[in-house]
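Here's the structure we're looking at; comments come further down.
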Amino acid sequence: MSVPELLTLDPTGSDPHGEHKALHARGPATRVDLLGVTAWSVSDPVLLKKLLTGPDVSKDARQHWPQFAETVPTWPLALWVAVENMFTSFGSDHRRLRRMVAPSFSARRVAALGERVESIVDDLLDVLARTPEGEAADVRELFAYPLPIQVICHLMGVPEERRAGFRQLVDNVFATTLTPEEAAANTASLYRVLDELIAEKRRQPGEDMTSLLIDARDEEGDGSALSEAELRDTLLLMISAGYETTVNLLDQAITVLLTHPEQLALVREGRANWADVVEETLRFEPAVKHLPLRFAVRDIPLPDGQVIAKGEPVLASYAAANRHPDWHGESADTFDLTRTDPGPEHLAFGHGVHFCLGAPLARLEGITALEKFFARFPDARLGVPEEELRPVPSLISNGHQTLPVVLRPRTSAH
């Protein structure tokens, strides 16, 4: 069997939908160049679900990627495979680490955050309302960013004065245009800030997830509950996963409703609801396009006769899977709030044992923010033509660099 030429994934993410189609054309899985690492991109939803729920792939690079040690020192995405938390764990380690975090995202805990989310949204809308009539506000910067930052920092107990510093560092985790040196420097800065937060919470604990994890770590001083590295990397995971992804969800949902007014009308007429908007946005424009990395625990035969060899990296290409014609038919590239059979099913939160713990919180934030935004600004429109919106320079993160929106068109009296 001839081996197709490697498809190089664009680190700037300039044409994600063209990339999805290229992946679909190459079959259920194909070999890609991921910033210098050769991996198998899986874009077929049936195969992807099978791999994510079976024992054939692992997220533990140290244990299951023979090239780990030689690759990590110079690979810009090293942090995605080198952290020590539930994101990169396998088997019993994953169950142990997930069990420690899961209570913070219980249905009761998330519901209890509802009032705070509403209050934050109202405050942010008040700021947006000061934008002069007819002028565009950057809704990503002024609304989509600060909401999840404030929510996750409240949950984690990050003091107000530290939040701005976290933002740029987390943004750089998702950037895929940094040099290896820039990525390493960003990681060092991020760990320094996290170490300072841990030290501060050890001195003055509070009713927050950081303090609870420190308690679990310190009660079992031998590290059997949580090592110091796992503590730090779990905080990193909670802050980054709970922030950047929700920014993109809000950004994309507002964009797609403003560019599909007939779909927004369905919500206003009661023929669809805000939960439908969130789910179809997550299918149509998921917050994460490709998620590094998993590794074959054993040889994996593919439907087309190819084999993912033991130890080879596997890239979950969620955005391409969400738009796969075998899953959503001819309308896969259409935003449709009335989608039926199979409905707005998607893989935006992952699948299987690594399904996103924060999904209920992201949904709560999305529904609350969108409902209030469009109630406050019913005449909002994009401030530039849709084709002028620029994607964030990343093959992972799926959002816009800016989202200019005219909240209130200038009245004729002006």
Side-chain angles (χ1 to χ4, degrees), residues 1-52 56-57 59 61 64-68 70-72 74-78 80-81 174-180 183 283-296 299-328 332-333 346-348 350-351 390-399:
M1 167 177 288
S2 62
V3 178
E5 184 181 346
L6 282 183
L7 175 66
T8 299
L9 297 182
D10 179 7
T12 70
S14 62
D15 181 21
H17 304 312
E19 199 163 78
H20 301 162
K21 293 184 186 304
L23 291 171
H24 295 160
R26 287 167 166 252
T30 190
R31 286 155 56 88
V32 297
D33 181 291
L34 182 66
L35 302 187
V37 165
T38 298
W40 287 88
S41 164
V42 181
S43 63
D44 177 85
V46 174
L47 176 60
L48 189 50
K49 288 180 183 178
K50 179 182 177 183
L51 293 179
L52 298 181
D56 291 344
V57 296
K59 294 199 78 175
H64 295 116
W65 190 21
Q67 284 75 44
F68 174 80
E70 67 188 65
T71 304
V72 160
T74 57
W75 194 41
L77 298 183
W80 288 85
V81 297
F174 286 81
T176 51
T177 56
L178 301 182
T179 65
R283 185 201 70 81
F284 187 67
E285 291 287 4
V288 168
K289 291 176 287 193
H290 306 278
L291 191 66
L293 268 178
R294 286 170 167 80
F295 308 92
D299 288 356
I300 304 172
L302 296 175
D304 60 2
Q306 298 186 87
V307 175
I308 301 176
K310 177 181 178 180
E312 288 190 318
V314 175
L315 181 70
S317 293
Y318 290 132
N322 281 356
R323 288 189 179 220
H324 202 288
D326 287 353
W327 195 4
H328 291 289
D333 290 326
H346 59 78
L347 293 169
H351 192 69
R390 294 289 175 260
V392 294
S394 174
L395 59 80
I396 298 172
S397 185
N398 186 28

Step through it carefully: locate the ring centre of Phe174, locate the ring centre of Trp80, and say whether they are under 6.0 Å apart.
yes

Output the distance between atom [atom1] ([X]) and atom [atom2] ([Y]), rounded to the nearest 0.5 Å.
| X | Y | atom1 | atom2 | answer |
| --- | --- | --- | --- | --- |
| Leu293 | Leu291 | CG | CG | 8.5 Å |
| Asp15 | His17 | CG | NE2 | 8.0 Å |
| Ser41 | Asp33 | OG | CG | 12.0 Å |
| Ile396 | Leu77 | CD1 | CG | 5.0 Å |
| Glu70 | Trp65 | CD | CH2 | 8.5 Å |
| Asp44 | Arg26 | CG | CZ | 15.5 Å |

Taking all atoms of both residues into account, what is the closest heavy-atom pair of [X] and [Y], and its distance?
| X | Y | value |
| --- | --- | --- |
| Gly13 | Lys289 | CA-NZ, 3.7 Å |
| Phe295 | Gly311 | CD2-O, 4.5 Å |
| Thr8 | Glu19 | O-OE2, 4.4 Å |
| Asp10 | Leu395 | O-CB, 3.4 Å |
| Val42 | Val314 | CG2-CG1, 3.8 Å |
| Ser397 | Val392 | O-CG2, 3.4 Å |

For Lys49, does the NZ atom have more than 12 heavy-atom neighbours from other residues, nucleotides or ligands under 6.0 Å away?
yes

Run Val46 and Trp327 through side chain to side chain contact (heavy atoms under 4.5 Å, CB included) and show every step you take.
CA-CA 8 Å; Val46 174; Trp327 195 4; over 6 Å; no

Is there a donor-acceptor pair closer than 3.5 Å between any side-chain N or O of [X] and the backbone N or O of [Y]?
| X | Y | answer |
| --- | --- | --- |
| Arg294 | Asp56 | no |
| Trp75 | Leu35 | yes |
| Arg283 | Asn322 | yes |

Show every salt bridge (charged side-chain N to carboxylate O under 4.0 Å, His left out) that has at least one partner inside residues 311-322, sequence neighbours left out.
Arg31-Glu312

Check step by step if side chain to side chain contact (heavy atoms under 4.5 Å, CB included) holds for Trp40 and Ile300.
CA-CA 11 Å; Trp40 287 88; Ile300 304 172; over 6 Å; no

Only one of Lys21, His24, His20 passes side-chain contact (heavy atoms from CB on, under 4.5 Å) with Ser43; say which it is.
His24

Taking the side chain as every heavy atom from C-beta outward, state whether Thr176 and Pro76 have any atom pair closer than 4.5 Å.
no

Please step through side chain to side chain contact (heavy atoms under 4.5 Å, CB included) for the pair Arg323 and His346, ending with a clear verdict.
CA-CA 9 Å; Arg323 288 189 179 220; His346 59 78; over 6 Å; no

Begin with the C-alpha distance, continue with both residues' side-chain angles, and end with the deciding distance and a verdict on side chain to side chain contact (heavy atoms under 4.5 Å, CB included) for Leu23 and His290.
CA-CA 12 Å; Leu23 291 171; His290 306 278; 3.8 Å; yes

